[in-house]
Amino acid sequence: MPSSKLVLIDGNSILYRAFFALPPLTARDGTPTNAVYGFTTMLLRLLSDENPTHLAVAFDKSKVTFRHADFAAYKGTRQETPDELVQQFPLARRTLEALSIPMIEIDQYEADDVIGTLAKRAAEAGFEVRVVSGDKDLLQLVDSHVHVLLTRKGITEMEHFDEQAVAQRYPGLKPAQVIDLKGLMGDPSDNIPGVPGVGEKTALKLLASFGTVEGVYEHLKEVQGQKLRERLEQHRDDAFLSKRLATIACDAPVEVDLDSLRYEGPDPARALAWFRELDFRSLVDKISEEMSHDSTSPQPSAEPGRPSTAWDGFAYDVIEDVQAWREAVSAFNEPVGVMMDFAHPDYHVAEIRGMAVAAPKRAYYIRFGERLELSDVRPWLVSERPKVAFDLKSMAFALDAHGIGLTPECGWQDVKLAAYLLNPQDGDVELSEVFARERGQELPPREDATREKWLAYTASHLPPLFESLAYTIRMQEMERLYQEVELPLAFVLAKMEITGFYVNREKLQAFGEGLTERIERITQEIYELAGTSFNLNSPKQLGEILFDKLGLPALKKTKTGYSTSADVLEKLAPMHEIVQKILDYRMLAKLQSTYVEGLLKVIRRETGRVHTRFHQTLTATGRLSSSEPNLQNIPIRLEEGRRLRQVFEPTYKDWVIFAADYSQIELRILAHLSGDEALIDAFRHDMDIHTRTAADVFEVPPEQVTSLMRRQAKAVNFGIVYGISDFGLSQNLNIPQKEAKRFIENYFEKFPGVKRYMDEIVRQARERGYVTTLMNRRRYLPDIHSRNYQMRSFAERTAMNTPIQGSAADLIKLAMVRIDRAMRDAQMDARMLLQVHDELIFECPKDELPALEVLVRDNMENAMTLSVPLKVDTAHGPTWYDAK
DNA sequence: AGCAATCA
DNA sequence: TGATTGCT
């Protein structure tokens, strides 16, 4: 049996060294991390190089120690520890916690003393001991079983000192004489005086002759050199004091049992989660690599028939009959990873070939066929047994097509959702990207030939992956957002996608035919006015016609040429009748191509409905997005486009479309977040907020607010929500930037709480590197420190906008989850169809309308309690158009 | 501010 | 990929 090996680390010394040895380094949130980084890399290096059986890190507990009783000025010349280092001590402690490494500190004693005491005890108990520090004083501890590792220039480079190495570094010196050396030399860094004029050379010579400080003074007369003798005589007390100060107390009251320092290796999930939080990317890679190879850390066994973490040797069993399935699944008593084997890359094509079910130590591929059907695994899929998936919404969608309805109560967790909450800026990511980011592991390529193995392999990794994500989510206080909002919402969204929205194809085609006629007519008119035909859809050709041929002024340019955007064309409209026709053409063409043709393409033949996809893990703010088709941008502003909504009908004849939207949700959230009294007051009195803003900003009574004033105030309110810039507002209102600036200044004067909030949130973003929403959804803003004005300003506006937009997203998502549950509880037939950021669209039988209205309004208005009331407007009608 | 779709 | 337009 190999002997026990104890590694003792001088935490303070290493952190101090690391801080000054490494360039500045910060986490995403701006916290300095260079010292912790060095500390951690050193720890990991030690673990792999020394392979300790026992391990501890010692810290100084208090500034005042027993040494100060002896010499008040001890360490008196030390500079104040820099703030950037002070901040890192708690991080170092949490690092040790994450790595499960014991920490020791004792009142009145320094880390040295703890180390000396433990080293001595351990050596007596037959341990090999390694002491790690940056402080040469520790060399006094060296003996045949205690070696000292001193950090070299960097931090991971170590110089190994045994007795021989000490004698080499200080010619002829024994480790025990280190204190005598220091007694004579002193140590300016600790304000230990020593004997002035005695340096290392002289001290070593003296000690070679007389052994100790005591020996020197006993034989003072024999010392060569009168001046030296005089100095020694004069500073006798200093010499003895210095020796005492340098002497490590090997009898400190350390009430720690050596057994309790036994080191079993870190918990990989905790360690990785913590390193991820610190943004130690290279360490995340490194440690996951080490853990998958290091035989001392807990690993799945590599026995025959059992999976190892490595792809090549990965083994899994194929299950094809009910009996084997039951046996396999009943043997799991831990969270199980599940990967569905879709026959098609699009989950809306809900064909399922099989599924992988695996934990780190056992993996199966379940092949569906005659002897085992999906319905056989249904009880397990809907049970409360803990199961981990990647993209639950797609599973819930596909399984529903096979009569298996997953609910939030079914014991599922979702790696994709968890990963999104931790890094929303990455958008919709693949499983392989999460693996790469969280574990530093490359996933093998997904190939047809190894499909089943790939699924089993990845499934086996899902549970630990989820564990580490969940740990960080808890640390960032997003557990409620995950458990009570995003996770249950996935099931709600799956249901909405499954339901779809009925589209009256004939109406839509007729609408399109009307458009075609108008487009043809207007195209001819434009060609006549231009005197030539050209591609109206090409901004380049259009620009040539307008600005070169017709000689209209080019008001704005783009990177590639003239700008022909709507705001430019609107200014040119009075100058030539072709311009308005082009604007009309643009509108009609948009309606035709995007909405009529686009919608017709995605109506499902079988259902006559469109089944949009809601992306729950895409936006940086927490909003949903919608695609194929995007039902979140169906026209409404202009009547001609709005009519398109007439093609969206209820499923059944006697049903209606019901819509409920939050009134001024973002400004209400701003009122709450900022605590601005005027804004809060306005909403408590349910005023028309734009009129009220106009009255304040233009200093007139509300009755005298003109429509222009209200329009301008409305733009200011928008600007405020988006994080105002005078440039942006001037563009919006088509006014000089100076005037826009005055509007904003006026606004902030009337709403000082808003001003304070905006300043504070930007300050917070700078300090922490991120901003948060009401439910602690987080968004990192690394550009907030950019030297580039544009990028920095953008980050600042994002800092102002994200808490507002993101909190609104939190709010409506929470409402959706509750509404879904309430509708199920009440066994209603009504269905939620769409979410459009601040509104929800339903279809329901006419007779359910009153109950649905109450239920929806209640859950939306009371989703959260803010300092202003939440107001919901509702409407209904025979089509979406009529629900206004 | 945040998205998606279309076209060249 | 960029320009444009649709939505909140």
Side-chain angles (χ1 to χ4, degrees), chain A residues 424-425 427-428 534-543 556-570 582-599 601-602 612-638 640-642 644-645 659 661-667 669-670 715 717-725 728-729 731-732 758 761 771 773 777 779 781 793-809 811-812 834-841 880:
Chain A
Q425 72 280 3
D428 215 338
F534 61 98
N535 187 346
L536 259 172
N537 291 320
S538 163
K540 185 165 169 281
Q541 293 185 35
L542 179 62
K556 209 165 82 180
K557 280 203 221 166
T558 64
K559 284 172 207 160
T560 49
Y562 304 122
S563 168
T564 65
S565 62
D567 61 311
V568 170
L569 295 190
E570 272 156 27
I582 290 166
L583 284 167
D584 290 345
Y585 169 85
R586 283 247 177 101
M587 175 185 74
L588 298 172
K590 176 88 180 179
L591 286 174
Q592 182 74 296
S593 66
T594 303
Y595 296 104
V596 176
E597 289 166 8
L599 227 38
K601 264 186 243 169
V602 291
T612 190
R613 294 152 201 269
F614 288 106
H615 304 276
Q616 195 182 355
T617 56
L618 191 145
T619 71
T621 54
R623 273 191 179 180
L624 299 177
S625 83
S626 152
S627 69
E628 293 176 80
N630 180 357
L631 293 184
Q632 290 181 322
N633 71 344
I634 301 298
I636 191 167
R637 220 178 72 250
L638 301 172
E640 283 172 290
R642 188 176 202 159
L644 198 83
R645 295 182 173 222
D661 68 288
Y662 280 114
S663 163
Q664 302 296 349
I665 187 63
E666 291 185 329
L667 285 172
I669 285 170
L670 174 61
N717 278 329
F718 265 84
I720 293 293
V721 167
Y722 293 159
I724 197 88
S725 77
L729 184 64
Q731 288 289 303
N732 262 329
M758 294 297 180
I761 199 76
V771 291
T773 66
R777 189 189 299 278
R779 180 174 185 182
L781 301 167
S793 302
F794 189 84
E796 287 169 1
R797 290 198 290 280
T798 307
M800 298 186 243
N801 171 257
T802 294
I804 299 173
Q805 191 180 116
S807 295
L811 187 71
I812 194 167
L834 296 181
Q835 185 249 48
V836 193
H837 309 310
D838 66 352
E839 66 174 328
L840 297 174
I841 316 294
W880 190 7

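Keep in mind that the numbers below use all heavy atoms, side chains included, and drop hydrogens, waters and symmetry copies. Every chain is numbered from 1, with letters handed out A, B, ... down the list of sequences.
The phosphate of B:dG2 (OP1 or OP2) has a side-chain N or O of A:Arg779 nearer than 4.0 angstrom. In this structure, A:Thr802 does not reach the B:dA1 phosphate: none of its side-chain N or O atoms is under 4.0 Å from OP1 or OP2. Considering only side-chain N and O atoms, A:Arg637 lies under 4.0 angstrom from the phosphate OP1 or OP2 of C:dC7.
When the nucleotides B:dA4, C:dC7, C:dT8 are ranked by their closest atom to the side chain of A:Ser625, B:dA4 comes out on top. Side-chain atoms of A:Thr560 lie closest to C:dA3 of the nucleotides B:dG2, C:dA3, B:dA5. Distances were taken from every side-chain heavy atom of A:His837 (C-beta onward) to each of C:dT4, C:dG2, B:dG2; the shortest belongs to B:dG2. Considering only side-chain atoms of A:Leu618, the nucleotide from C:dG6, B:dA1, B:dC3 that sits closest is B:dC3. Taking every side-chain heavy atom of A:Thr558 into account, C:dA3 is the closest of C:dA3, B:dA8, C:dG6. Listed candidates were B:dA8, B:dA5, C:dC7. Nearest to the side chain of A:Asn537 is B:dA8. Listed candidates were C:dT5, B:dA8, C:dA3. Nearest to the side chain of A:Lys559 is C:dA3. Among the nucleotides B:dA8, B:dA4, B:dA1, the one closest to any side-chain atom of A:Phe794 is B:dA1. With distances taken from any side-chain atom of A:Ala566 to the nucleotides C:dT5, B:dA5, B:dA1, the minimum falls on C:dT5. Across B:dC7, C:dT8, B:dA1, the shortest atom-to-atom separation from the side chain of A:Val836 is found for C:dT8.
Taking atom NZ of residue A:Lys540 and atom C1' of nucleotide B:dT6, one finds them 19 Å apart after rounding to whole Å. Here the C1' atom of nucleotide C:dT8 and the CD1 atom of A:Ile720 are 18 Å apart, to the nearest Å.
Within 4.0 Å of A:Ile634, counting heavy atoms only, lie sugar-phosphate atoms of the nucleic acid but no base atom. Using a 4.0 Å heavy-atom criterion, one finds that A:Ala620 contacts the sugar-phosphate atoms exclusively. At the heavy-atom level, A:Arg623 lies under 4.0 Å from base atoms of the strands shown. In this structure, A:Ser563 reaches the sugar-phosphate backbone alone: every heavy-atom distance under 4.0 Å involves primed, P, OP1 or OP2 atoms, never a base. Nucleic acid contact class of A:Asn801 (heavy atoms, under 4.0 Å, all strands): sugar-phosphate only. Contact annotation for A:Gly723: no contact, since no heavy-atom pair falls under 4.0 Å across all strands.
Considering OG1 of A:Thr564 and NZ of A:Lys556, their distance stands at 10.0 Å, rounded to 0.5 Å. Within the model, atoms CG of A:Leu542 and NZ of A:Lys540 stand 12.0 Å from one another, a figure rounded to the nearest 0.5 Å.
Counting heavy atoms from C-beta on, the side chains of A:Tyr595 and A:Asn633 come closer than 4.5 Å.
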Review point. After noting the C-alpha distance and the side-chain angles of A:Arg623 and A:Glu666, does the key distance pass the salt bridge (charged side-chain N to carboxylate O under 4.0 Å, His left out) rule?
Key: CA-CA 13 Å; A:Arg623 273 191 179 180; A:Glu666 291 185 329; 3.7 Å; yes
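The environment of CZ in A:Phe534 is crowded: more than 12 heavy-atom neighbours from other residues, nucleotides or ligands sit within 6.0 Å.
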